[in-house]
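Following this message is one structure expressed as structure tokens.
One-based numbering along the sequence shown.
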Amino acid sequence: MVANNILIIGFIITIILVVIYYIFKKDYNQEGFLEEEIYSIDFLKEKIKEKINELSDTSHVDMNLSKSAAQKEEARKLQLIKAVRNCGYGDLNAKEFVKDYIKDILERDLNINEDTINYVIPFEHSKSLTVIDKFDILLYKNKKKHGLDAFYYLIVENGFDNLKGDGTRDNEYHYQISTEDIEELYLGSDTNLKFLDKLEILTQRIYSLYLGNGVIDEIRDMKKLDGISAGLSGLPRQYYNYLEEYMISNKENMNYFYNSIWCMFQGKTIRLEFLGFGSKAEMIRVAKKIYRYDDPGYLSENKGYIINSMSDGSRIVVVRPKVAENWAFFIRKLNSIENVSIENLLTDKNAEVPIKLMSWLVKGCCTIAVTGKQFSGKTTLLKSLVEFINPQYNIRVQEMIFELHLKEIERYSRRNIMTLRDTPSVSGQSVLDLFKKMDGDIYIFGEVHSPEACSLVVQGALAGTRQLMFSHHAKTTEALVDSFKVALLQTGVFTSEMAAEEQVARTINYDFHMDTTKEGHIYLEKITEILPDRGRPYPEDIEDCFREFFTRITNEKRYRTKDIVVFKDGKYQLVGIPSEYTFDKLDEYLDQSEINEFKDFFASVKEEIN
């Protein structure tokens with residue numbers, strides 16, 4: 001009896017142990033990896049990295065191949081090496097080339113098929129998908145339909161660029177795409193995917209974490225996007241230790257700087273709340289990568305910041321501690337407006353008035369400043385004004401970073417244009433001196449951002465060039481003149497404040513000031529003429545003459561400003577007539593029919609304006 005009980009107990013224990021074994025049994029593949037590991041993003045990423053390194057290191061010369069076959073494989077290997085080096089810098093061809101390799105490795109070497117791909121990303125179980133998984137699927141579906149305009153349509157069609165909040169202290173007005181927005185959109189969308197669609201999404205995910213720019217990789221490539229930045233909100237690293245206890249207990253509610261991503265869309269700053277790099281290490285990897293195009297140097301702790309461009313012309317600014325409180329970067333897209341026609345930029349009522357005036361002033365070789373805040377359309381307007389320059393004139397462009405890319409615009413491709421930029425070893429002064437020997441008629445300066453650049457503009461205007469145009473961040477015409485005046489004093493070009501101001505007023509003829517509404521609509525706020533006081537004739541009447549004399553000697557400013565066109569009540573209005581100096585200037589450069597048109601236009605409205 002006792003023996004039977006012992007046997008029964010032993011049998012039960014054996015059954016229990018077998019059940020426990022199968023419940024907790026780990027499946028290993030032939031290489032000793034857990035089955036759950038080989039279908040993880042991290043595992044696949046590392047295996048693909050090994051395969052690509054292996055392909056890059058392979059010598060086809062020693063293989064049993066014909067000479068032509070060996071040369072072909074060697075050329076393909078070199079193409080892969082070059083693509084791997086350039087794919088993260090905005091080179092979309094290199095990116096697609098590398099992604100084709102990754103897809104091939106996934107299918108051929110890593111057993112990714114219609115069944116196993118769902119182990120990596122649970123496409124068939126929406127409740128198991130992360131918000132980033134869902135966003136990737138939504139963006140992919142839109143990309144199939146709209147190409148590189150996918151992000152634009154994703155925002156516009158779903159009202160993600162509409163203002164949120166109610167203005168209260170706890171719910172201020174803001175632009176944001178939230179996790180809830182993506183979840184709701186995914187729930188109401190057609191998200192059926194074929195295997196090849198899933199493979200594309202998985203390939204992009206692995207590429208972005210291995211050679212790309214992380215979670216912003218696909219967004220960065222999109223058109224009609226003004227810019228994208230990261231690290232601008234959330235808790236900086238130096239506060240971690242002070243708040244360690246609080247953070248541990250409230251980890252889910254903490255905002256970290258590496259999960260702070262913003263985009264600039266049609267003049268609106270939109271927080272992508274649903275998106276984040278997930279770790280400080282991943283954000284730093286991306287920040288260290290995006291600025292490396294064309295080997296601009298190393299971003300050290302002592303230097304703290306770097307400015308460069310990407311392969312597609314996007315401007316990059318990266319900052320890091322100790323200069324910044326945490327790592328952050330700013331990508332400014334310069335192709336967000338594909339058609340730089342001025343009619344596409346200025347669309348409000350009576351836009352033909354400022355457009356016509358600007359065409360006359362540019363053709364008449366006036367010196368023009370295009371001013372305004374960031375993302376107000378300055379660069380786009382400057383590009384579009386080139387259309388009015390006499391095609392017979394040679395154009396020379398000086399920039400800190402290549403941004404205008406005039407020769408890439410089809411209608412300018414036959415123009416005589418050369419662009420140079422400053423480098424660590426070639427100063428802006430050296431570039432300007434070089435331009436004087438390059439047969440230039442028209443000088444265009446990109447963004448004038450420093451006292452040295454302001455000084456170069458004045459020098460350029462005095463160097464015998466027919467015309468000069470540039471952009472500047474001044475908020476008003478007076479601020480523009482003051483900025484240049486201070487720059488001339490700082491750089492030692494002038495020692496007298498009055499003389500410096502007078503020279504600025506003589507140099508810059510017109511200010512085209514751009515602005516945006518709070519909804520992000522771009523418009524030309526005003527066209528203002530700048531008139532130096534010195535040299536302006538005195539009135540003939542003796543009393544008026546004395547009054548003017550004392551006004552001038554007691555006036556702090558050595559110039560006057562005169563608004564010609566203003567934007568008011570939703571339309572452009574003509575409010576002034578250009579000076580005699582402008583009429584004389586245009587007389588020199590316009591043909592007779594254009595001169596007559598210009599004079600007749602202002603003669604017809606003179607009485608109305610007065």
Side-chain angles (χ1 to χ4, degrees), residues 152 155 161 163 173-176 216 219-220 222-233 260-272 290-291 305-310 312-319 323-324 328-338 340 342 344-346 368-385 399-405 421 444-451 453-454 457 469-480 482-484 487 511-526 567:
Y152 168 83
I155 290 177
D161 58 338
L163 200 62
Y173 291 120
H174 62 285
Y175 293 103
Q176 176 175 281
I216 67 163
I219 300 175
R220 194 224 70 86
M222 294 292 157
K223 294 180 180 179
K224 298 182 180 179
L225 180 69
D226 299 325
I228 189 163
S229 54
L232 307 184
S233 54
S260 159
I261 298 175
W262 301 73
C263 74
M264 283 296 297
F265 180 78
Q266 298 185 341
K268 304 170 185 176
T269 303
I270 303 175
R271 184 187 177 197
L272 307 183
I290 58 173
Y291 77 83
Y305 75 94
I306 198 163
I307 303 171
N308 197 25
S309 59
M310 300 186 83
D312 63 353
S314 300
R315 185 180 66 201
I316 303 297
V317 178
V318 181
V319 296
V323 167
F329 62 78
F330 307 79
I331 303 174
R332 172 72 189 280
K333 300 277 289 182
L334 299 169
N335 62 350
S336 58
I337 301 179
E338 295 176 293
V340 296
I342 197 167
N344 290 329
L345 181 64
L346 305 181
I368 294 166
V370 179
T371 61
K373 61 188 179 184
Q374 280 191 314
F375 300 105
S376 62
K378 297 188 303 299
T379 301
T380 305
L381 179 60
L382 194 57
K383 284 181 179 182
S384 66
L385 293 177
E399 301 184 87
M400 182 180 72
I401 297 292
F402 292 132
E403 293 185 348
L404 293 176
H405 302 285
R421 70 172 181 176
I444 298 177
F445 285 82
E447 185 178 301
V448 175
H449 61 284
S450 66
C454 292
V457 169
M469 296 193 294
F470 63 93
S471 68
H472 191 279
H473 283 295
K475 295 181 179 179
T476 64
T477 303
E478 289 74 16
L480 172 68
D482 287 345
S483 174
F484 270 76
D511 174 18
F512 299 171
H513 188 75
M514 301 294 291
D515 205 349
T516 61
T517 64
K518 62 182 181 180
E519 293 81 19
H521 175 66
I522 292 174
Y523 65 97
L524 176 71
E525 184 186 37
K526 59 177 67 177
F567 183 77

Query - Inter-residue atom distance Arg220.CZ - Ile228.CD1, 0.5 Å rounding - result: 9.5 Å
Requested in this report: Verify, without hydrogens or angle tests, whether Lys373 (side chain) and Asp515 (backbone) share a donor-acceptor contact under 3.5 angstrom.
Outcome: no
Query raised in the report: Is Tyr523 close to Thr517 at the side-chain level, that is, under 4.5 Å between some pair of heavy atoms?
Result: yes
Query raised in the report: Any side-chain heavy atom of Phe512 within less than 4.5 Å of one from Leu524?
Result: yes
Query raised in the report: Is the shortest heavy-atom distance from the side chain of Ile216 to the side chain of Ile331 under 4.5 Å?
Result: yes
Query raised in the report: Quick one: are Thr380 and Ile522 in side-chain contact, heavy atoms under 4.5 Å?
Result: no
Query raised in the report: Tell me, do His449 and His473 make a side-chain contact under 4.5 Å, heavy atoms counted?
Result: no
Query raised in the report: How many angstroms lie between OG1 in Thr477 and CG in Asp482, if you round to the nearest 0.5 Å?
Result: 11.0 Å
Requested in this report: Report the C-alpha distance between His472 and Thr371 in whole Å, list the side-chain angles of each, state the deciding distance to 0.1 Å, and finish with yes or no for side-chain hydrogen bond (donor to acceptor under 3.5 Å, both in side chains).
Outcome: CA-CA 5 Å; His472 191 279; Thr371 61; over 6 Å; no
Query raised in the report: For the atom pair CH2 (Trp262) and CD (Gln176), what is the distance rounded to the nearest 0.5 Å?
Result: 7.5 Å
Report task. Keeping the roles fixed (side chain from His521, backbone from Glu519), state whether a donor-acceptor pair exists under 3.5 Å. Result -> no
Query - Donor-acceptor under 3.5 Å (Ser471 side chain, Val370 main chain) - result: no
Requested in this report: Give a yes or no answer on whether the side chain of Ser384 reaches the backbone of Leu381 with a donor-acceptor pair at less than 3.5 Å.
Outcome: yes
Requested in this report: For the pair Lys333 (side chain) and Leu225 (backbone), establish whether a donor and an acceptor sit closer than 3.5 Å, ignoring hydrogens and angles.
Outcome: no
Query - Shortest non-hydrogen separation from Ala328 to Gly231 and the atoms involved - result: CB-O, 4.0 Å
Query raised in the report: Cation-pi between Arg315 and Phe330: NZ/CZ under 6.0 Å from ring centre and within 45° of the ring axis?
Result: no
Query raised in the report: So, Glu403 side chain and Gly446 main chain: donor-acceptor pair closer than 3.5 Å or not?
Result: no
Report summary line: dist Met264:CE -> Ile270:CD1 (nearest 0.5 Å) comes out at 9.0 Å
Report task. Mark yes or no for whether Asp226, through its side chain, and Gly267, through its backbone, hold a donor-acceptor pair below 3.5 Å. Result -> yes
Report task. Calculate, to the nearest 0.5 Å, the distance between atoms CD1 and CZ belonging to Ile307 and Arg332 respectively. Result -> 13.5 Å
**Report entry** Which atom of Leu404 lies closest to which atom of Glu399, heavy atoms considered
**Finding:** N-OE1, 3.2 Å
Query raised in the report: If only atom types and distance count, is the side chain of Lys268 paired as donor or acceptor with the main-chain N or O of Tyr175 below 3.5 Å?
Result: no
Query raised in the report: Does some side-chain heavy atom of Arg421 sit less than 4.5 Å from a side-chain heavy atom of Ser309?
Result: yes
Query raised in the report: How far apart are the closest heavy atoms of Met514 and Gly377, and which atoms are they?
Result: CE-O, 4.2 Å
Requested in this report: Drop me the distance from Phe265's CZ to Ile219's CD1, to the nearest 0.5 angstrom.
Outcome: 12.0 Å
Query raised in the report: Do the side chains of Val448 and Phe484 get nearer than 4.5 Å, heavy atoms only?
Result: yes
Requested in this report: Answer yes or no: is there an ion pair linking Asp312 with Lys223, defined by an N-O contact shorter than 4.0 Å?
Outcome: no
Query - Minimal non-hydrogen separation, Cys454 against Ser483, with atom names - result: SG-OG, 4.3 Å
